[in-house]
There are 2 protein chains.
Amino acid sequence: MPKPTQNTQSEAPEAVPTSLSHSAGFLLNRSARIIRERVEEALHPLGLSAQAYGLMRLIEAGGPTTQQSLCARNKIDRTTMVQLLDQLEERQLVLRQPSSTDRRANLIFLTPRGRKTLSRATRLVKKEQEKFLAPLAPEEWESLRQQLIKLLEHNFDRQP
Amino acid sequence: MPKPTQNTQSEAPEAVPTSLSHSAGFLLNRSARIIRERVEEALHPLGLSAQAYGLMRLIEAGGPTTQQSLCARNKIDRTTMVQLLDQLEERQLVLRQPSSTDRRANLIFLTPRGRKTLSRATRLVKKEQEKFLAPLAPEEWESLRQQLIKLLEHNFDRQP
DNA sequence: TATTGTTATACTCTATAACTATA
DNA sequence: TATAGTTATAGAGTATAACAATA
């Protein structure tokens, strides 16, 4: 993620303009952007993007899975998946292994090195998350979490 | 926002993988993405991106302001702002007017046509937001909202 | 005939660097 | 000398289309 050109801020802008304080889109997108940027920054020394990190978490979670399955779970295109995995495989963080039951498909594994890198990354990301969530009491974060999960479960697969 | 290539989903993927259900980054980014995509879709007939819509909301909210001020409030680059405004001005939705007190600066206005388009857009976006928030009781949305605002106010201007 | 993965390519978004004009 | 806005350009990210191998 690139850094902004020198933007001179004559006045300190407010985090939540009143007129947008009831917009779910604004609040969610702005919060998401901040945590994503922090995570990108934290992972930079490991050479991982937030996207790549998320993908590795999914691979870790689901055990060996096909590229297609990762696409579906991550809602990204097949061709994007190829490129993401190319980068991870080149750095020997993941491994493609042709499935024995369907030889068109690749099973994706984390390598030992991948697992090591991922656990380091996870520690860094957790630290960022703690800083980000600092203003919330534990019950508040828990309730925020539950509400986001409810939103996702209701909206993830809905058709327009 | 482009549409995904035919991704065959053999199994319906879950909205929130257990291993990521405690990740603020995952939950926020996935929720933000969904609402953003819905908004993009809803605004497509008006030829507005979610980004452009958000910008017009900011212009509406703050009254005539300079491009720099819009950049700071929206956390985007000066050059990106130029391009966004170029598109809006070409469609006669906004107007640049050199400031009389600082002739380097442009004051940005919504045109009557811009206000009309914006109010139509806002109606469409509100409808999407209602659908998106449907699974939450009003108190739940209110608490989610307050928590997001708390996060933003604490994190918006923090230095790394 | 459909599907998995791949390649080549194009598009969108956003930023960096260099410029003009004002301050 | 610094700032507001602009231009030209480049990079990251992600998609579409066409293709090979397999089902």
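These values consider heavy atoms only, across backbone and side chains, with no hydrogens, waters or symmetry-generated copies. The shown structure was predicted, so the numbers you read here are calculated from the model rather than taken from an experiment. Below, chain A is the first sequence line, B the second, and so on; all start at residue 1.
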Inset, instruction - Check whether any side-chain nitrogen or oxygen of A:Q67 sits under 4.0 Å from OP1 or OP2 of C:dT4, and answer yes or no. - result: no

Legend entry - Whole-Å gap separating C1' (D:dA17) and CG (A:D77): 11 Å

Inset, instruction - Determine, for B:E14 against A:R73, whether the closest basic-nitrogen to carboxylate-oxygen distance falls under 4.0 angstrom. - result: no

Inset, instruction - May I ask you to say whether A:E41 pairs ionically with A:R38, meaning some side-chain N is under 4.0 Å from a carboxylate O? - result: no

Inset, instruction - Give me the residues of residues 88-105 of chain A where at least one heavy atom lies under 4.0 Å from an atom of DNA chain D, by number, or none. - result: A:D102, A:R103, A:R104

Pairs under 3.5 angstrom, nitrogen or oxygen only, protein versus nucleotides 9-11 of chain D, please.
none

Inset, instruction - Measure the spacing between CG of A:L85 and CG of A:L70 and express it to the nearest 0.5 Å. - result: 6.5 Å

Legend entry - Carboxylate-amine/guanidinium contact B:R33 B:E37, below 4.0 Å: yes

Inset, instruction - For the residue pair A:L93 and A:Q87, establish whether any side-chain heavy-atom pair is separated by less than 4.5 Å. - result: no

Legend entry - For atom CG of A:N106 and atom P of D:dA21, their distance in whole Å: 15 Å

Legend entry - Short N-O contact, A:D86 and A:R96, less than 4.0 angstrom: yes

Inset, instruction - Write down the distance between CD (B:E37) and C1' (D:dA15), rounded to a whole number of angstrom. - result: 13 Å

Legend entry - Gap between atoms CD1 and C1', on A:I76 and C:dT6 respectively (whole Å): 15 Å

Legend entry - Euclidean distance, atom CG of residue A:N29 to atom P of C:dC13 [Å, nearest integer]: 14 Å

Inset, instruction - May I ask you to decide whether A:K131 forms a salt bridge with A:E128, counting only side-chain N to carboxylate O separations under 4.0 Å? - result: yes

Legend entry - pair B:L107-B:T65: side-chain heavy atoms closer than 4.5 Å: no

Legend entry - Below 4.0 Å: OP1/OP2 of D:dA4 and any side-chain N or O of B:T66: no

Legend entry - Nonpolar side-chain network containing A:V82, other nodes, edges under 4.5 Å: none

Legend entry - Nucleotide C:dG5, atom C1' - distance to CG of A:L84 in whole Å: 14 Å

Inset, instruction - Give the rounded distance in Å between these two atoms: NE2 of A:H44 and C1' of D:dA12. - result: 13 Å

Legend entry - Atom pair distance, as rounded to whole Å: CZ in B:R36 and C1' in D:dT14: 13 Å

Inset, instruction - Measure distances between side-chain N and O atoms of B:T79 and base N and O atoms of C:dA15, and say whether any donor-acceptor pair falls under 3.5 Å. - result: yes

Inset, instruction - Side chain of A:D86 only, please: which of C:dG5, C:dT7, D:dA15 is the nearest? - result: C:dT7

